Amino acid sequence: MLIAIGTKNPTKVNAVKSAFAPYISGEFIATKVSSNVSAQPLTDEETMTGAINRAKNALEAENAQIGVGLEGGVVKNEMGIFLCNWGAIIDKQLQPIVAGGARILIPEEIGNEVFAGKELGDIMEQFAKKNVSQNEGAIGIFTNGTVDRTEMFTQLSKLLVGQFLYEQGNGLAAYRLHKRGK
Ligand SMILES: O=P(O)(O)OP(=O)(O)OP(=O)(O)OC[C@H]1O[C@@H](n2cnc3c(O)ncnc32)[C@H](O)[C@@H]1O
Ligand SMILES: [Mg+2]
């Protein structure tokens, strides 16, 4: 089975491989695809849509059996600005399984810069004076290294593969999203 992962970011690729490998035997291929949403999603819906689009685009680009997409974003509510992450698995049925990742508050000044139009990855690079998004991630920086971006995406990927296996074992499509929004 060919499993196409819609990114070249090593935190995402390594997370999918380590979460899927114990359960699904197959070959993994990392492929750079569009998310068809903005580079910096600002809502749960946009972030989830980006994950679904990456999964679909990866499946099609590599003619794979399964496509996987992971997308990072931020969300704002009355309590503050939070990291948000979503992931999706898609197969030839093209109806996605989705799961969300951990979320933490980010400093207000950083969140405001994101909502003013900058990418979080670029802000974090300036803030930490090194590449963050392909290493520990903002989540790793702001949790003092207790949970890094790879670990967060690994748990998210386990949620995805677990739902996929549950569905296969039970013959249910309960976890498939049937509505795709716009
Ligand atoms: O190559 P891709 O897969 O696009 O990897 P990316 O690091 O750009 O990741 P996303 O597009 O999914 O994330 C959208 C933006 O949010 C940033 N981002 C999201 N979560 C982050 C985190 O935990 N640490 C650092 N940057 C993060 C990221 O760098 C982008 O600017
Ligand atoms: Mg990106």
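Here the structure is a predicted model, which means the values were calculated and not measured. Order of listing sets the numbers, starting from 1, for every ligand and every atom in it. The first residue of the sequence shown is numbered 1, and numbering continues consecutively from there.
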Extract all donor-acceptor atom pairs below 3.5 Å that involve side chains of residues 75-90 and protein atoms in other chains or at least two apart in sequence.
residue	atom	partner	partner atom	Å
Asn77	OD1	Met79	N	2.7
Asn77	OD1	Gly80	N	3.3
Trp86	NE1	Asp44	OD1	2.8

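Side-chain polar atoms of Glu46 and Ser38 form a donor-acceptor pair below 3.5 angstrom. Between the side chains of Glu71 and Thr47, no donor-acceptor pair of N or O atoms lies under 3.5 Å.
Listed here is the closest heavy atom pair of Ala138 and Val132: N-CG1, 3.5 Å.
Near ligand 1, heavy-atom contacts under 4.0 Å come from Thr7, Asn9, Lys12, Ala39, Gln40, Arg54, Glu71, Gly72, Glu119, Leu120, Gly121, Ser133, Gly137, Ala138, Ile139, Arg149.
At distances below 3.5 Å, at least one donor-acceptor pair connects side-chain atoms of Lys12 with backbone N or O atoms of Leu70.
Ring to ring, Phe164 and Phe20 are not that close: their centroids are 6.0 angstrom or more apart.
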